[in-house]
Amino acid sequence: MSKGSVLPQYIAGLSASFGALCMGASIGWSSPVEQMITDDSDYGFDISSTQFGWISALLTLGATVVCIPIGFMIDWIGRRPTMLALIPPYMVGWVLMLFANNVTMLYFGRFILGMCGGAFCVTAPMYCTEISTTALRGTIGSFFQLLIVTGVFYGYVLGAFLPLTTINILCSILPLIFAAVHFFMPESPVYLAKKGRNEDTAKALQWLRGKDADISDELKEILDESQKQNDQPKINFMAALRRPVTRKGLGISVLLQIFQQWTGINAILFYSTSIFEDVGAGLSGSMSTILIGFTQTTSTVVAVAIIDKAGRRILLLISGVFMAITTCLMGVYFQMSESNPDSVIGLGWLPIVSICIFIVFFSIGFGPVPWLVMAEVFSEDIKSLGGSIAGTSNWLSAFTVTLLFPILKDSIGPGPTFWIFTVIAVLSFFYALFFVPETKGKTILEIQDMLAGGKIQKADKNET
């Protein structure tokens, strides 16, 4: 295939991933508004700390319940139409947040926002990997995590400088921006081929590769694989899930998603303002969270730049080591603070530095890689359901961690709570070391062959 332009792939990938920015803003909303709506009652009614915990956690619960249904929907109506169909409910969620006059409206608003964001978490990574060449799949597949953390940063910045109503308005316009941009993007060529729409497949692929690109070889490969899938005897989803190669891919993707959450990232993000205020650091809570958001965003930019060069597995290993070290240090600090407050005088910088280092290495490994691998390890006939199950495991874990973190912090203390995250980070390192294959530079068919026990191809193979 003669080389065309890579710019259309970047545009389409960023456009689809803008839905992740919407979800990120919803995540980032929690930390800076906690004081506004609990202590200052900016909504005009009282909200207890327990109620705020549910307001935070219901976002992840909404994302949990939608992942499986959305997996069927994206196979039924397509990737692009599914993402566009999420905009009306997204706006309903933000209207509830804007005009809430009781805590129940906030519960429903956050739950709906979580459902829409969770749907993007399944659909956008799949769309990004399906529109990309093999050589760019890691980079474009990582746009999803980049836009999530950018959205979190956006929420932090708004929360630091603006009143509650303005924050809600500026978050609510994001889905409208997504709709205005993504409306003009093509559907996934892989999905179109699966539905037998060969002419539309060629048009979409030509748009993605550039008008001067020779797409004949790649088009033939997509259509041939689609025909091969369609010619196979139809089996139900449960039978497909029982295939050894599918079970192996599911195990890898689900456990990576679980490790992503159980190493503590969402607990740290949701409660970062209160953590920094608890340690009495020189920075205000809001400025500290802005520092976190900036660190996370810039680190994810680095991950996007190197993921197709360094590979997925090595980034997971590096990430696991540093997450273990930093959560251990956080645990030591908080345990010292509980036992003898005078022993940590002058050490207020330690949890801030530890959290920032944690976020740097989370962002280059266990942040983007699980989403990318989720979209790489399944064959076309089971990809939607497999990705949905992995997404469900992610958000169920996020819900559980978000709900348990303040409970554990109050019952056993913050030190042992962070040490739990340390143990899980160590386990994530060894899991990546022994069980996660390298998918860099491999086509989806080569990855399937590798999972089935075939000969592992050279990891740095590049295809365009």
Side-chain angles (χ1 to χ4, degrees), residues 27-43 45-61 64 103 106-107 110-111 114 152 156 159 258 260-281 283-286 288-289 292 323-324 326-345 347-356 358-359 362 395-425:
I27 295 171
W29 178 93
S30 298
S31 185
V33 306
E34 180 179 6
Q35 183 175 342
M36 294 182 194
I37 68 176
T38 54
D39 296 344
D40 302 336
S41 299
D42 281 8
Y43 269 116
F45 53 89
D46 291 335
I47 297 173
S48 68
S49 58
T50 301
Q51 289 173 324
F52 179 78
W54 277 104
I55 290 169
S56 294
L58 279 168
L59 184 81
T60 54
L61 184 61
T64 300
V103 73
L106 292 178
Y107 287 161
R110 289 285 284 179
F111 185 79
V152 172
Y156 284 170
I258 290 172
Q260 183 194 75
Q261 292 301 326
W262 279 94
T263 47
I265 183 62
N266 268 342
I268 290 170
L269 292 180
F270 277 137
Y271 297 99
S272 53
T273 297
S274 56
I275 287 173
F276 286 131
E277 288 175 347
D278 285 347
V279 303
L283 292 172
S284 67
S286 59
S288 298
T289 53
I292 283 178
M323 288 193 301
T326 50
T327 51
C328 182
L329 288 175
M330 283 185 255
V332 168
Y333 174 88
F334 285 113
Q335 188 64 25
M336 290 172 61
S337 177
E338 291 265 310
S339 303
N340 182 9
D342 291 340
S343 65
V344 295
I345 293 176
L347 292 178
W349 56 269
L350 180 60
I352 294 178
V353 171
S354 295
I355 288 174
C356 286
F358 173 94
I359 285 173
F362 172 87
W395 289 110
L396 182 60
S397 297
F399 171 72
T400 307
V401 172
T402 305
L403 208 57
L404 283 180
F405 179 72
I407 297 171
L408 289 171
K409 194 168 69 127
D410 292 341
S411 59
I412 65 174
T417 300
F418 277 102
W419 287 333
I420 291 173
F421 295 146
T422 301
V423 172
I424 296 170

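Residue numbers start at 1 and run along the sequence shown.
With sequence neighbours left out, the side chain to side chain donor-acceptor pair (under 3.5 Å) criterion links Thr422 to Thr327. With sequence neighbours left out, Asp46 forms a side chain to side chain donor-acceptor pair (under 3.5 Å) with Ser41. For Leu404, the side-chain contact (heavy atoms from CB on, under 4.5 Å) test picks out Trp262, Thr400, Leu408, with sequence neighbours left out.
In this structure, CZ in Phe358 is found 6.0 Å from CE in Met330, a value given to the nearest 0.5 Å. In this structure, CZ in Arg110 is found 12.0 Å from CG in Leu61, a value given to the nearest 0.5 Å. Atom-to-atom distance recorded for Gln261:CD and Ile424:CD1 is 11.0 Å, nearest 0.5 angstrom. Rounding to the nearest 0.5 Å places CZ of Phe334 at 10.0 Å from OG1 of Thr417. Atom CZ of Phe418 sits about 9.5 Å away from atom OG1 of Thr326, to the nearest 0.5 Å. The CG atom of Leu350 lies 11.0 Å from the OG atom of Ser337; values are rounded to the nearest 0.5 Å.
Ile47 and Ile37 get closest at one heavy-atom pair: CB-O, 3.5 Å. Listed here is the closest heavy atom pair of Tyr156 and Ile292: CE1-CG2, 4.2 Å. Among all heavy-atom pairs drawn from Met36 and Gly159, the shortest one is CE-O, 3.3 Å. Between Trp29 and Ile55, the shortest heavy-atom distance links the atoms CZ3-CG2, 3.9 Å.
Considering only heavy atoms from C-beta on, Ile359 comes within 4.5 Å of Ile265 through its side chain. Counting heavy atoms from C-beta outward, Trp419 and Val332 have side chains that approach closer than 4.5 Å. Taking the side chain as every heavy atom from C-beta outward, Phe421 and Val401 approach each other to under 4.5 Å.
The backbone N or O of Met336 sits nowhere less than 3.5 Å from a side-chain atom of Ser339 that would complete a donor-acceptor pair. In terms of modelled atom types and a separation under 3.5 Å, the side chain of Thr263 and the main chain of Ala425 share no donor-acceptor contact.
Using cut-offs of 30° and 60° on the angle between ring planes, the pair Phe399 and Trp54 is tilted.
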